[in-house]
Structure formats: structure tokens, C-alpha cells
There are 2 protein chains.
Amino acid sequence: MDHTLLILGLLKLEEMHGYQLGDLIDKRLKYLTDLKKPTLYHLLAKLEAAGQVTKSVSREGNRPERYTYRLTKTGEAQFKELLRQNLQAAHAAYFNDDIGLLFLSEIPAAEARGYLEQKRAGVDARITEIAAATARHDAGSPAYYTLRHHELHLETERAWLAELIAHMKKRAARQNIIACLAEADTPKRKK
Amino acid sequence: MDHTLLILGLLKLEEMHGYQLGDLIDKRLKYLTDLKKPTLYHLLAKLEAAGQVTKSVSREGNRPERYTYRLTKTGEAQFKELLRQNLQAAHAAYFNDDIGLLFLSEIPAAEARGYLEQKRAGVDARITEIAAATARHDAGSPAYYTLRHHELHLETERAWLAELIAHMKKRAARQNIIACLAEADTPKRKK
DNA sequence: GGGCGCATGTAATGAGTTACATGATTGA
DNA sequence: TCAATCATGTAACTCATTACATGCGCCC
């Protein structure tokens, strides 16, 4: 996860203090990443040490002091560089769900199906939530695009789960996973 | 990433030595995770210390010694537990791509479009690769399902990139990202 | 007066990567 | 003979999380 790019980018758009930044990420960018507060503060300290941001103290009324962060020239250059790298690359995405699915045949089919139904319910709940969030944004805004992206992937997930569950109802064959994996290899030594 | 589940599961299916396990993950499960060899050895050592696997030395001809790992009773129980947890939960997936996309309007539209075309080419290449791999597996095998899953998500990615690129051609408005994010908030204080 | 929100961190720990180290065999 | 494959790791490092610590203000 390119958290540095995220922080530099947000600070480039607007100078902010740490808590504000953390709040923005927690509440409105939660589909992007789930960066935790201590991690954020840690990263900010590192960026400051690297001379990519500067901080200035301020205080509003009797509230705790705030350290407002602002991009420096080198920070801006670094942002541009990271952004270019990020935009060009097609990052591989891995799904934790897949690992469990590989071993689906290791538990009784009925039980497995129950779990998958639960998983599907979870995905459905997320879709409802994100659809509401998407509706609140203008089509075409940057935030809209990230939300839409997630919505599409969640819908893919739902469709795939439906396909899988349907398939499981038909045949509950317990297969030899290792053999299946090996079998598909391109023959290298003796046939 | 639930690497422990993956290792326990593979060892449950078949006892293996470390290198063999690493090879399987590198070559045939590369769409699941990209666990590195040293991490694998590290995890195996930890699992052994925890009493979830046992290892036995063996040697074949003059090749280096191998340590073959086998699940213990507690290892098997742990596997079942982790598998249940994994199957029930709908894990959130985060996409590194999204972070860059949030700042798309920070670089000239033409340049950005160029990068996105590159990204799309990368996705296309992956789709070709994975489609070939999928074709080599029996529909309905566990490996087939994980591959199919990735294929679907990659196709979603491609469709989304196409949508985005098309949209960029129409309007290249540079918007205030922070304002967009805030605006969509449910009003809390004064309207 | 009690809990939540604001605001900032530290310390300990864990998870994973990179670079390095070793040494034998096999195939081009 | 040179590179790749087999086989196992260690050491140093980065990145991120969890749990902990502090203290004030605001609202119910």
C-alpha cells in the first residue's frame, strides 16, 4: 500500500494537521486503505525527517495543540514521482478469500455452503453501504471513481460467490487439490 | 494475508519439504499470494515451535537434505479453525491503484491518460496469461475456482479502466478533491 | 459526572522483504 | 564451464499494528 503517496497527495491538496488527515482517511477514504492513526503519525514523522513536509504548531481556543503539515518542494517532487509510478503500474491484487476457497473441499459441503452464504451476506451488506456512499458523490469526481471501483469489484465478488454456491449444489466432489495443481503443469521432463 | 492457513492446508493435503512448498506457491498459486521463500521458512519454523507441524530429515541421492513437514493433531485443529474463520468473513480488499487514481487530476490530463493506457495494457497482459492458466484446469476443481476468481476481477478492472479513460476524454475538469470528499458528509453541525 | 471527540504520540511486537551465504547437481 | 535448479536458511531492515498513555472540552 502506497501510504506515502496518499499522505503527500492529501497534503498537497490542502495543508492539514495529523488528526484531520487521520479522520479523512478513516471516514471518507475507508475503501482505499485502513491506515491506522499511530501508523499515520509515524509516517508523518518520517516524512518530516526526510524534509518532505514541514510542521507548524497552532492552537484553536483551548483545544490541544495541532501540528499542521505542509508539503515542501522536495515533497512535491516526491509526490509527482510516486504518482507517476503508481499510475503506470498494474498492481497485482490478492484476495484473502481465495486461500480459504482453495480448501473448500476439506470441510463437509453443507457446512461450507453455510459459510459461503454468510460471506455472501457480508458482501451484500457492503454493497448496500457503498452504493449509498457512491450516490452521495458527483459522478466524475475523483472520490466517485474510487467508490465506483470498489462497487464494481464487490459486484464481481457477489456474482462469483453466486456461481460458486450454485456449482456446489450440483456436485460436492472432494478432489485432490495437489494433483489438480500439478496436472496442469506444462510437461517438462518425461511425459 | 492468511499465510498460516495456506501452509497448514497444503501440508494437510500432502506432506512436503520446504522447497517443494515454496515452489508450489511460487509457480502454481501465484495468483493467491506472493509469499517469499525466506518468509515461508520462517513461518515453518514458527509452526514447528508451536507444535503444529513436525519435521523429518530425508535425503535423495546426493542432493541437499530435505526437511519434510507433516501436520500434527493440533496443527489440524488449527487448520480447521482458521479455515472456518476465513470462509465466513467477507474480507475487505484494497487496491493500490485507487490511491493514484484519487490524484489523477494533479497531473496533465493527456499525460494521465497515457499512464492509464499503460495500466490497461498491463491488465490485458495479465488477462491473457490467466485465461491460459484457467483453460488448463478442470472447471470445478479448487484451483480452477481461484483462477476464475482472479479472471473475473481482472475483467472488472479492465472494464473500469475503459470507463475511466472514456470519461477522461470527455471532461478533463480539475476538481477540488478535498471539497468533494467533505461535501458528501452527512451534515453534523450548522448547515 | 461520564463518555465521546479532539489531539498527539510511545513502546513493544509482529509480519514480511531484501540481501546475503552456502554448496551440490544438472543441462546447454 | 557457466548458468540454472535444488535446498536451506540468517541478519538486517522496513512497515504496520496493538496496546498504552495523556489530558482537555463538550454534550447529555
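Fair warning: this is a prediction, and the values are worked out from it, not measured in the lab.
Following rounding to the nearest Å, A:Asn96 (CG) and C:dA15 (C1') show an atom-to-atom distance of 14 Å. Atom CD of B:Glu48 and atom C1' of D:dT8 are 13 Å apart (whole Å). Protein atom CG of A:Leu35 is 14 Å distant from nucleotide atom C1' of D:dT18, rounded to whole Å. Taking atom CE of B:Met1 as the reference point, atom P of C:dT17 lies 11 Å away to the nearest angstrom. We find that CG of A:Asp26 is positioned 12 Å from P of C:dG5, with the value rounded to whole Å. Remark: C1' of D:dA19 and NZ of A:Lys36 are 13 Å apart, rounded to the nearest angstrom. The CE atom of B:Met16 sits 16 Å away from the C1' atom of D:dA7 (whole-angstrom rounding). Between B:Leu43 atom CG and C:dG16 atom C1' the separation is 9 Å, expressed in whole Å.
Checked by atom type, the side-chain pair B:His3/B:Thr33 shows a donor-acceptor distance below 3.5 Å. Checking B:Glu151 against B:Tyr31 by side-chain atom types alone, no donor-acceptor pair falls below 3.5 Å.
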Taking N or O atoms only and anything under 3.5 Å, show me the protein contacts with nucleotides 7-12 of chain C, one pair per line.
from, atom 1, to, atom 2, distance (Å)
C:dA7, OP1, A:Arg66, NE, 2.9
C:dA7, OP1, A:Arg66, NH2, 2.7
C:dA7, OP2, A:His17, NE2, 3.4
C:dA7, OP2, A:Arg66, NH2, 3.4
C:dA7, O3', A:Glu65, O, 3.4
C:dT8, OP1, A:Tyr67, N, 2.8
C:dT8, OP2, A:Tyr19, N, 2.5
C:dT8, OP2, A:Tyr41, OH, 3.0

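Across B:Asp26 and B:Lys30, no two heavy atoms sit closer than the pair O-CB, 3.4 Å.
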| said: Please determine whether side chain to side chain contact (heavy atoms under 4.5 Å, CB included) holds for the pair A:Glu117 and A:Arg120, giving the CA-CA distance in whole Å, both sets of side-chain angles, and the decisive distance to 0.1 Å. | reply: CA-CA 5 Å; A:Glu117 306 276 10; A:Arg120 182 163 58 175; 2.8 Å; yes
| task | Report the C-alpha distance between A:Ile99 and B:Met1 in whole Å, list the side-chain angles of each, state the deciding distance to 0.1 Å, and finish with yes or no for side chain to side chain contact (heavy atoms under 4.5 Å, CB included). | result | CA-CA 9 Å; A:Ile99 295 181; B:Met1 269 297 159; 3.9 Å; yes
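Residues satisfying the side-chain hydrogen bond (donor to acceptor under 3.5 Å, both in side chains) test with A:Tyr69, not counting sequence neighbours, are none.
For the pair A:Phe79/A:Leu11, no side-chain contact is recorded, criterion being any heavy-atom separation below 4.5 Å from C-beta on. Under the 4.5 Å side-chain criterion, counting only non-hydrogen atoms from C-beta, B:Leu29 is in contact with B:Leu6.
Contact check of residues 76-83 of chain B against DNA chain C (heavy atom, cut-off under 4.0 Å) returns no residues at all.
The side-chain tip of A:Lys37 points at the ring of A:Tyr19 from less than 6.0 angstrom away and within 45° of straight on.
Across all strands shown, B:Asp2 has no heavy atoms under 4.0 Å from either base or sugar-phosphate atoms.
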